[in-house]
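Structure, as structure tokens:
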Amino acid sequence: MTTEFLAGPATVTATDLALRYGGTQALDGVSLRLTRGVTGLLGPNGAGKTTLLRVLATAVPADGGEFTALGHDPGTASGRLALRRTLGYLPQTPGFHPNFTAFEFVDYVAILKELSDRTARHQEVRRVLEAVDLSDVRGKRLKRLSGGMRQRVALAAALVGDPGFLVLDEPTVGLDPEQRMRFRELIAEAGEGRTVLLSTHQTEDVAMLCHRVVVLSHGRVRFEGTPADLTARADGRVWSSAERDPGALAGWRTGTGTYRNIGDPPPGAELLDPTLEDGYLLTLDGESAEVSA
Ligand code: ADP
């Protein structure tokens, strides 16, 4: 994709990233550019989102292609180390020890991030717990915290050391709407001045939070641009009907009893305003995608 979609200079540039697990080509030539701010990574299950995030977070090496992030080349030992020092990674299943308190867990991550001075480290742990509004419960064991609070602890851990590049793997999964809203605010704050890549199943997360979006499917980038551009892909391609329209690429019954269809509308169809989700589904071209309610 061209640079006209980019707001500001590219901070992360990936070219032709490939990764194969046995017979599965999880990444099949992924090229993308990220800038400061929050970029959403959308795609159906198995699209390669987690694999891409793991590669960018230097948790696994790609077996083809290359990338640079914040000027560092992870293809060299020194570049990899420098990148890791400015990286915050929230994996899909953070390895929480249930008996750790929130403070102990984040402190442990801070030790792994080489913050060796105890006083300065503890100050940093308090700072990041404050940033995610968890100062009050920092002495509580993780097993006693709600799922939403645990995700905030994981975000705090990712924020230790003020990373310039934040990689968040489905951080809003399992959160109720209120927790999700709060979490989005925190990510938006974290995205000020930082490069954030956030994978999600929720097109709503992208619509509300992201300044750019990348759609991945079968290990390939299918779209890269602004949320408004993705929505615009569905202009004139969404319509309402009383019965399921057999000519639609996809259609579903809405709460009002009518059907919402996407694809090529029949003549005279009652066109509807498109949403980002419509644009996303059309980009996947009828491939099964999880439609969020
Ligand atoms: P997503 O996060 O979009 O759901 P993943 O990156 O987890 O996609 O997976 C991409 C593809 O790679 C899927 O087909 C998945 O089954 C496969 N895959 C992921 N991790 C492994 C692994 N460790 N071993 C073998 N196959 C894997």
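Read the numbers this way: they start at 1 and go in the same order the structure lists the ligands and their atoms.
- Enclosure of atom CG in D117 by more than 12 non-hydrogen atoms of other residues, nucleotides or ligands within 6.0 angstrom is indicated.
- Side-chain contact check for D278 and T275: at least one donor-acceptor pair (N or O, by modelled atom type) lies under 3.5 Å.
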May I have every N or O pair linking ligand 1 to the protein at under 3.5 Å, one per line with atom names and distance?
unit_1: ligand 1; atom_1: 2 (O); unit_2: T50; atom_2: N; d: 2.8
unit_1: ligand 1; atom_1: 2 (O); unit_2: T50; atom_2: OG1; d: 3.0
unit_1: ligand 1; atom_1: 3 (O); unit_2: A47; atom_2: N; d: 3.1
unit_1: ligand 1; atom_1: 3 (O); unit_2: G48; atom_2: N; d: 3.0
unit_1: ligand 1; atom_1: 3 (O); unit_2: K49; atom_2: N; d: 2.9
unit_1: ligand 1; atom_1: 3 (O); unit_2: K49; atom_2: NZ; d: 2.9
unit_1: ligand 1; atom_1: 4 (O); unit_2: G46; atom_2: N; d: 2.7
unit_1: ligand 1; atom_1: 6 (O); unit_2: T51; atom_2: N; d: 2.9
unit_1: ligand 1; atom_1: 6 (O); unit_2: T51; atom_2: OG1; d: 2.5
unit_1: ligand 1; atom_1: 8 (O); unit_2: G48; atom_2: N; d: 3.1

Please list every donor-acceptor pair under 3.5 Å in which a side-chain atom of residues 147-163 meets a protein atom from a residue at least two apart or in another chain.
unit_1: R150; atom_1: NH1; unit_2: L142; atom_2: O; d: 2.9
unit_1: R150; atom_1: NH1; unit_2: L145; atom_2: O; d: 3.0
unit_1: Q151; atom_1: NE2; unit_2: P171; atom_2: O; d: 2.8
unit_1: R152; atom_1: NE; unit_2: V132; atom_2: O; d: 3.1
unit_1: R152; atom_1: NH2; unit_2: V132; atom_2: O; d: 3.4
unit_1: R152; atom_1: NH2; unit_2: D133; atom_2: O; d: 3.2
unit_1: D162; atom_1: OD1; unit_2: R194; atom_2: NH2; d: 2.5

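- The other members of the hydrophobic cluster of M181, by chain and number, are M208 (side-chain heavy atoms under 4.5 Å, ILVMFWY only).
- Under the side chain to side chain contact (heavy atoms under 4.5 Å, CB included) test applied with L168, the options L41, T200, V196 reduce to a single match, V196.
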Only distances under 3.5 Å count here; give the side-chain donor-acceptor pairs of residues 14-22 to other protein atoms, sequence neighbours excluded, each with its distance to 0.1 Å.
unit_1: R20; atom_1: NE; unit_2: G22; atom_2: O; d: 3.2
unit_1: R20; atom_1: NH1; unit_2: Q25; atom_2: OE1; d: 2.4
unit_1: Y21; atom_1: OH; unit_2: T51; atom_2: OG1; d: 3.4

